[in-house]
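Everything on this sheet refers to the single structure shown next.
Numbered from 1 within each chain, the chains take letters A, B, ... in sequence-line order.
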There are 2 protein chains.
Amino acid sequence: MVKIRSRDSNFDCVTCIMRKRSDWSVLGHDEVTLLAGGQSSYRYSAGESVYSMGETGDGVYCVCSGTVAIRRLDAEGNSVLLQLAYPGDTLGYEAVLTGEPHRCNAEALGPANVCHINTPTVKTLLDQNPGLGLQFLRRTVASLDDAQDKLVHHATLSNRAKLAHLLLILMDRYGRRTADGTSTLYLPVSRRDLASMIGARHETVSRIIGRFETDGIAYFSGRSVRIPQVNALVEEIRPQLVG
Amino acid sequence: MVKIRSRDSNFDCVTCIMRKRSDWSVLGHDEVTLLAGGQSSYRYSAGESVYSMGETGDGVYCVCSGTVAIRRLDAEGNSVLLQLAYPGDTLGYEAVLTGEPHRCNAEALGPANVCHINTPTVKTLLDQNPGLGLQFLRRTVASLDDAQDKLVHHATLSNRAKLAHLLLILMDRYGRRTADGTSTLYLPVSRRDLASMIGARHETVSRIIGRFETDGIAYFSGRSVRIPQVNALVEEIRPQLVG
DNA sequence: GGCAAAATTTGACGTTGGTCAATGCACTCC
DNA sequence: GGAGTGCATTGACCAACGTCAAATTTTGCC
């Protein structure tokens with residue numbers, strides 16, 4: 001993780017193009033100046049930690065580029081990948097709001113620019129502009145909705161269906177349609193993370209992948225995936241409770 | 001569901017003792033008056049619906065007494081019990097904030113008093129008092145944290161461990177310690193709901209209950225549960241991935 | 001480029017837990 | 001009081017999936 005020099009206007013909230021797509025879009029001109037004053041930009045490499053479970057929240061983080069994985073570990077060290085954060089997403093505000101330590105790890109999955117906004121600045125802005133809190137609230141409600149959908153899926157879908165569903169979600173962000181109607185996808189995560197996202201073991205994911213290939217549904221090579229018919233994945237998602 | 005007459009001071013926000021334990025505790029005197037003006041009290045019987053998936057949110061609901069179950073259904077009609085709401089909890093604000101229809105059903109599990117606060121009043125209060133939004137935000141963050149913990153449990157615990165864990169949680173609210181060190185518990189939900197809460201089939205829950213009894217861990221009779229040693233339940237919760 | 005560590009795949013095996021079906025039980029409604 | 005309805009329990013069966021272990025590939029790092 002490297003700090004980016006403060007005067008670089010490519011990494012300044014005032015000019016940041018991500019800001020308009022983020023929670024901070026509700027701020028007025030003076031408030032953006034205040035934001036810029038409490039902000040520092042950092043460059044992370046793949047695998048570097050943005051914050052860790054148990055640490056005290058010392059501010060919030062705003063993703064400018066790259067993908068950040070939000071993970072939670074249980075007592076035995078099993079890691080579960082709960083969420084992928086993308087440019088425009090704000091992270092770590094839970095700890096600032098509750099005063100509790102972070103409940104998750106945040107880790108850059110690849111090269112990523114992430115800005116830090118210190119706690120005093122965040123609290124001042126929250127007090128000053130009710131819209132900012134509502135924006136955070138809307139985002140948190142969306143995350144909650146997402147988590148609850150996952151709970152429903154965990155309760156009703158087979159691992160095979162859950163993997164198909166996850167591939168469809170990843171398609172939205174990482175997929176490309178090629179001319180002949182097939183789609184390709186470069187996975188942002190390892191097989192282990194894939195497994196933890198659907199609540200299965202990584203060996204099981206390997207086997208499901210094998211069956212997807214024999215069934216002609218998706219072909220994997222490392223992190224590249226080729227999907228001849230996206231609809232075939234949709235067909236896989238049928239609630240049918242299974243071991 | 002029966003409307004309670006408006007002038008009954010036992011069901012008025014100004015005098016409501018639940019208010020001080022709820023999100024609305026941040027309101028000032030004038031704001032409470034405004035709240036009371038936009039509020040109506042209702043009495044629900046067991047099984048009655050407070051709101052349903054797909055309906056447009058026409059305000060928020062505040063639980064005064066009783067327990068309200070928050071459920072989500074999937075496309076095939078499988079119901080998953082996501083949350084139990086207790087006196088002081090505010091429900092349905094997600095739909096008001098996002099403008100989207102309700103994503104869950106809310107249903108009284110037994111006799112319950114629930115107040116309704118109409119959307120204009122809620123929006124006025126949110127604009128007027130930034131603390132109210134922050135209060136909602138804090139509560140939503142807590143719900144999200146809870147949902148994510150469940151996701152981790154679904155990914156790492158066996159159904160038996162999950163049921164033990166659920167019983168411990170229900171003990172906190174519905175349990176009683178008797179003189180001789182044993183504890184008793186009256187379940188607020190059916191076996192089916194119990195099953196959906198841990199992501200298992202109701203037959204599986206029946207069998208786990210049978211094994212808890214042969215193992216001397218917990219004895220079930222209808223919705224009554226007797227637990228000789230609460231610690232025995234804690235022992236059951238060990239992450240060990242399993243079928 | 002080459003070594004070490006990590007990730008992935010594959011196999012064999014046992015268990016959990018889902019499916020289907022039958023029965024018993026509790027409650028409500030005429 | 002009897003029929004009807006939904007819930008719970010139990011049994012038989014087996015497919016899905018976790019566990020353990022070993023082989024193989026990929027990745028990261030000097």
Side-chain angles (χ1 to χ4, degrees), chain A residues 45-48 76-81 107 109-111 153-164 186-196 198-215 218-225 236 238-243, chain B residues 45-48 69 76-81 107 109-110 153-164 187-215 218-225 236 238-243:
Chain A
S45 312
E48 284 187 317
E76 269 65 21
N78 301 302
S79 139
V80 176
L81 206 170
E107 176 196 316
L109 285 181
H153 286 150
H154 279 300
T156 56
L157 297 182
S158 68
N159 283 341
R160 177 166 170 146
K162 281 185 276 182
L163 183 58
Y186 189 82
L187 298 172
V189 296
S190 69
R191 299 281 194 273
R192 290 188 112 86
D193 278 335
L194 231 39
S196 83
I198 65 170
R201 310 260 73 194
H202 61 99
E203 297 98 322
T204 300
V205 168
S206 260
R207 281 183 244 272
I208 294 172
I209 285 174
R211 275 187 282 142
F212 276 168
E213 297 193 335
T214 59
D215 295 352
Y219 300 91
F220 290 69
S221 168
R223 291 193 175 185
S224 297
V225 191
E236 287 293 321
R238 317 197 155 285
Q240 55 194 26
L241 276 171
V242 132
Chain B
S45 311
E48 284 187 316
E76 270 63 21
N78 300 302
S79 137
V80 176
L81 207 170
E107 175 195 317
L109 284 180
H153 287 150
H154 278 297
T156 57
L157 297 181
S158 69
N159 282 343
R160 176 165 172 147
K162 281 185 277 183
L163 183 59
L187 298 173
V189 295
S190 68
R191 298 283 194 273
R192 292 188 111 86
D193 279 335
L194 230 41
S196 82
M197 292 172 93
I198 64 171
R201 310 259 74 193
H202 62 101
E203 296 100 323
T204 300
V205 168
S206 261
R207 281 183 245 273
I208 295 173
I209 286 173
R211 274 187 282 143
F212 276 167
E213 296 192 335
T214 58
D215 295 351
Y219 300 91
F220 289 69
S221 169
R223 291 193 175 185
S224 298
V225 190
E236 288 293 321
R238 317 198 155 286
Q240 54 193 28
L241 278 172
V242 132

Think A:R160 has a side-chain N or O under 4.0 angstrom from the OP1 or OP2 of D:dA16? no
Whole angstroms only, please: what is the CG-P distance between B:L109 and D:dC7? 13 Å
Computed from five pairs at either end and rounded to 10 degrees, the angle between the axes of the helix from C:dG1-D:dC30 to C:dC30-D:dG1 is 60°
B:L163 has an atom CG; how far is it from atom C1' of C:dT16, in whole Å? 15 Å
How many Å lie between CG on A:L194 and P on C:dT8, as a whole number? 9 Å
For a quick test of reading the model, state the closest non-hydrogen atom pair linking A:I198 to A:K162 and the distance between them. O-NZ, 3.1 Å
Please report, rounded to the nearest Å, how far the P atom of D:dC20 is from the CD atom of A:E203. 10 Å
Please work out if A:R192 contacts a base, only the sugar-phosphate, or nothing of the nucleic acid, heavy-atom cut-off 4.0 Å. base
Please tell me which of the listed nucleotides, C:dT8, D:dC17, D:dT10, lies nearest to the side chain of A:H202? C:dT8
Output the rounded distance in Å from NZ (B:K162) to C1' (C:dG18). 13 Å
Taking all heavy atoms of B:S79 and all of B:S196, pick out the closest pair and write down the distance. O-CB, 3.2 Å
Considering only D:dG18, C:dG17, C:dT10, which nucleotide approaches the side chain of A:T204 most closely? D:dG18
Considering only heavy side-chain atoms of B:R191, the closest of D:dC17, D:dA8, D:dT10 is D:dA8
At their closest point, which heavy atom of B:N159 faces which heavy atom of B:G199, and how far apart are they? OD1-O, 4.4 Å
Please answer whether the main-chain N or O of A:G222 pairs with a side-chain N or O of A:R191 as donor and acceptor at a distance below 3.5 Å. yes
OG1 on B:T214 to OH on B:Y219, rounded to 0.5 Å: 8.5 Å
Could you state the atom-to-atom distance from CZ of B:R207 to P of C:dT16 in whole Å? 12 Å
Given C:dG18, C:dC20, D:dT19, which nucleotide is nearest the side-chain atoms of B:R201? C:dG18
What is the distance, to the nearest angstrom, from the CD1 atom on B:I208 to the P atom on D:dA8? 15 Å
Which whole-number value in Å describes the distance from A:H154 NE2 to D:dA16 C1'? 16 Å
Nearest listed nucleotide, side chain of B:S206, among C:dT10, C:dT8, D:dT10: D:dT10
For the student: nearest non-hydrogen atoms of A:R160 and A:D215, plus distance: NH2-OD2, 2.8 Å
For A:R211 and for B:V205, find the nucleotide of DNA chain D with the closest heavy atom, then tell me which residue's nucleotide is more 5'. B:V205
Hey, is the main chain of A:A161 close enough, under 3.5 Å, to the side chain of A:S158 for a donor-acceptor pair? yes
